[in-house]
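Everything below concerns the one structure shown next.
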Amino acid sequence: EAGVAQSPRYKIIEKRQSVAFWCNPISGHATLYWYQQILGQGPKLLIQFQNNGVVDDSQLPKDRFSAERLKGVDSTLKIQPAKLEDSAVYLCASSLSGVGEKLFFGSGTQLSVL
Amino acid sequence: QKEVEQDPGPLSVPEGAIVSLNCTYSNSAFQYFMWYRQYSRKGPELLMYTYSSGNKEDGRFTAQVDKSSKYISLFIRDSQPSDSATYLCAFESNSGYALNFGKGTSLLVTP
């Protein structure tokens with residue numbers, strides 16, 4: 001079974017630039033999550049999709065972050081403009097249906113904002 | 001009070017030791033209790049999953065949940081250098097919202 005695919009693996013940008021991350025979940029998984037993991041901390045949920053609808057985006061800084069999941073499969077997360085404090089690993093995860101289901105994580109995209 | 005508290009460590013133990021990792025939580029709505037293991041430069045992977053109070057064993061790993069004290073533990077017996085990783089506790093309610101993670105405890109098992 002193929003895992004959650006993310007790209008790119010690493011990205012270095014300057015503050016105020018824009019950046020986009022891509023995620024392809026496990027086939028058949030209805031729920032997709034984007035987490036932000038700052039060094040030394042646990043993952044923090046940014047946004048949760050159920051198919052192509054948003055379940056929770058309460059912690060997404062909507063003035064600079066946006067995410068979409070077209071056709072309920074792939075997803076992109078965008079930051080525009082980036083700030084220094086956005087330096088983190090951005091993890092994508094998927095699960096079959098959501099509540100009580102095992103989450104499968106990708107390896108993440110490590111973002112450095114200079 | 002934070003919803004989830006976890007000592008970040010680092011915790012260093014010799015090979016073969018018994019390791020005890022713990023988390024406390026404050027949200028009574030949490031119904032699912034998990035431990036994820038995260039190797040360096042990798043995403044977290046599910047290690048243990050429990051729904052109710054009590055113990056659950058899987059090989060060298062035992063997860064313990066005490067809902068009355070809002071306390072969960074992970075025990076690793078006969079620890080190996082390959083167990084060196086960050087261990088994250090995670091919690092979920094029945095609401096359908098995503099996991100709440102602890103900060104993670106960094107474990108180093110030395111040969």
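Convention: sequence-line order gives letters A, B, ...; per-chain numbering from 1.
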Show every donor-acceptor pair shorter than 3.5 Å between a side-chain atom in residues 103-114 of chain A and any protein atom, with sequence neighbours excluded, or say none if there are none.
residue: Thr109(A); atom: OG1; partner: Pro8(A); partner atom: O; Å: 2.5

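Ranked by non-hydrogen atom pairs under 4.5 Å with chain A, the options Gly104(B), Pro44(B), Gly102(B) are led by Pro44(B). For chain B, the option among Pro43(A), Cys92(A), Gly40(A) with the highest count of heavy-atom pairs below 4.5 Å is Pro43(A).
Counting heavy atoms from C-beta on, the side chains of Val109(B) and Leu107(B) come closer than 4.5 Å. You'll find the side chain of Cys23(B) stays beyond 4.5 Å of the side chain of Phe33(B), heavy atoms only. Inter-residue side-chain proximity for Asp83(B) and Arg60(B) is flagged as met; some heavy-atom pair is nearer than 4.5 Å. A 4.5 Å side-chain heavy-atom check between Gln80(B) and Glu15(B) finds at least one atom pair inside the cut-off.
For Tyr10(A), the part lying near chain B is the side chain, with the backbone staying farther off; criterion is any non-hydrogen pair under 4.5 Å. With a 4.5 Å cut-off on non-hydrogen atoms, Tyr39(B) does not touch chain A at all. For a residue to count as touching a neighbouring chain, one of its non-hydrogen atoms must lie under 4.5 Å from one of that chain's; by this rule Pro8(B) does not touch chain A. Using a 4.5 Å cut-off between heavy atoms, Gln6(B) makes no contact with chain A at all.
Tyr25(B) and Phe91(B) have tilted rings, their planes meeting at an angle from 30° to 60° on a 0 to 90° scale.
For residues 62-72 of chain B, a heavy-atom distance under 4.5 Å to chain A picks out no residue at all.
For CD1 of Ile12(A), the number of neighbouring non-hydrogen atoms (other residues, nucleotides, ligands) closer than 6.0 Å is 12 at most. Within 6.0 Å of the NZ atom in Lys71(A), the count of heavy atoms belonging to other residues, nucleotides or ligands does not exceed 12.
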